[in-house]
Amino acid sequence: MKALVYEGPETLAMRDVPTPVAGPEEHLIKVQAVGICGSDMHAYLGHDDRRPAPLILGHEAAGVIKGGTRDGERVTVNPLITCGSCSACLGGRENLCPDRQIISMPPREGGFAQFLTMPAQNLVTVPDAVSLTKAALAEPLAVSWHAARLGIKALYDTSGARAIVLGGGAIGLGAALSLRAQGVESIQIVEPNSDRRQFLLDVCGEAAIATATGQFDIVVDAVGYAATRATASELVRPGGVILHIGLAEDMGGLNIRRLTLQEITFIGTYTYTAQDFRDTAAAIFDGRLGALDWTEQRSLNDGVQAFSDLRAGRVPTPKIILEPWA
């Protein structure tokens, strides 16, 4: 099969690689749509030791099952594979499983390829009326849905809650959509890129701003730099919640003294539970997360250029979806 292979910092190439073989309780999936995630960009830049070259990246996938009892079924893929028997898994917090694996990270290759194998329990059936391009958004939106759920749960009083999201990429936009779908009405997005701000307004109906002032009940850091953590520390109200999703930079930024004196809750949020993924897919299917028409579709054959364009800041859309068969 053809696959887009990460071969070293800022180096990708289309290669012929062996087609994977489904193991017991697994299915072979013909990939139809796979999104480029910020973590894929992090690996592409050589900043992620967990993703050594050579490796097939990509974990935001949807496609069609080939062979077996579910042949022809359209599915979206939960890429997080867990043991199912540890205390985290048994407690419904599969994302904290100590033995978790995720495709696009050894030992499992990712979805920037024509085919992928996944355990049956990681597949959610997609209705015929929903495009696989939209279904591929289940993974990044589940990250945002999970964070929104935790933030709302942590608030002492959610009535009239105001939220602000730092970063207007797919995770930030998804956080705004997820918060709104879960009952938060007042939401602002901060996005420094003027082209992306215009796109968010024109296509998504989100009037993003370049900088923010004021106090908010929920602050989502969908970027994860020291500078955005510092901003989050300033914007959160006493008793409020910071939801930290971004992984751009490890250290710095938080005003720990203010967080302590004002009893501010800081929550690091990682991926999603299996139920969060199913709930997000359901919200996509029934339209609660909006039209989801803010992606750009490109062929997998054009994946090298797509990564280059993202690296250079030439992409106003929050998400590029690669289509192996386009």
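Here, residue 1 is the first one in the sequence, and each next residue gets the next number. Since we're looking at a predicted model, the values are computed, not measured.
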Donor-acceptor under 3.5 Å (Y6 side chain, A43 main chain): yes
Backbone of G224 reached by a side-chain donor or acceptor of D221 within 3.5 Å: yes
Donor-acceptor under 3.5 Å (R229 side chain, G252 main chain): yes
N/O donor-acceptor pair under 3.5 Å between R196 side chain and E191 backbone: no
T269 side chain to A147 backbone, donor-acceptor under 3.5 Å: no
From CA spacing to verdict: side chain to side chain contact (heavy atoms under 4.5 Å, CB included), E323, L300: CA-CA 5 Å; E323 299 175 337; L300 183 66; over 6 Å; no
Test item: T273 side-chain N/O and D276 main-chain N/O as donor-acceptor pair under 3.5 Å: yes
Verdict with reasoning, T125 to R74, per side-chain hydrogen bond (donor to acceptor under 3.5 Å, both in side chains): CA-CA 6 Å; T125 303; R74 305 165 74 248; over 6 Å; no
Check: Q101 main-chain N/O paired with R108 side-chain donor or acceptor under 3.5 Å: no
Evaluation steps, side chain to side chain contact (heavy atoms under 4.5 Å, CB included), between L254 and L259: CA-CA 8 Å; L254 281 180; L259 267 60; 4.3 Å; yes
Any Q188 side-chain heavy atom under 4.5 Å of V165 side chain: no
Salt bridge (Lys or Arg N to Asp or Glu O under 4.0 Å) between R197 and E206, intermediate numbers included: CA-CA 8 Å; R197 284 201 307 274; E206 300 282 350; over 6 Å; no
Main-chain N/O of Q215 paired with R162 side-chain donor or acceptor, under 3.5 Å: yes
Separation of I218 CD1 from L235 CG (nearest 0.5 Å): 13.5 Å
Geometric class of the H244/F266 ring pair [parallel <30°, tilted 30-60°, perpendicular >60°]: tilted
Test item: N122 side-chain N/O and P79 main-chain N/O as donor-acceptor pair under 3.5 Å: no
CA sep, side-chain torsions, deciding dist, call: T231, L166, side chain to side chain contact (heavy atoms under 4.5 Å, CB included): CA-CA 9 Å; T231 299; L166 307 181; 4.1 Å; yes
Any side-chain heavy-atom pair of I103 and E109 under 4.5 Å: no
With sequence neighbours excluded, residues passing ring pair (Phe, Tyr, Trp, His ring centres under 6.0 Å) with Y44: F307
Derivation and outcome, side-chain hydrogen bond (donor to acceptor under 3.5 Å, both in side chains), residues E94 and Y272: CA-CA 8 Å; E94 299 90 347; Y272 34 77; over 6 Å; no
Residues V220, I164; criterion side chain to side chain contact (heavy atoms under 4.5 Å, CB included); working and verdict: CA-CA 6 Å; V220 180; I164 191 162; over 6 Å; no
Short N-O contact, D16 and K2, less than 4.0 angstrom: yes
Check: T76 side chain, A135 main-chain N or O, donor-acceptor pair, under 3.5 Å: yes
Derivation of the salt bridge (Lys or Arg N to Asp or Glu O under 4.0 Å) call for E296 and K319: CA-CA 6 Å; E296 177 184 344; K319 177 68 65 177; over 6 Å; no
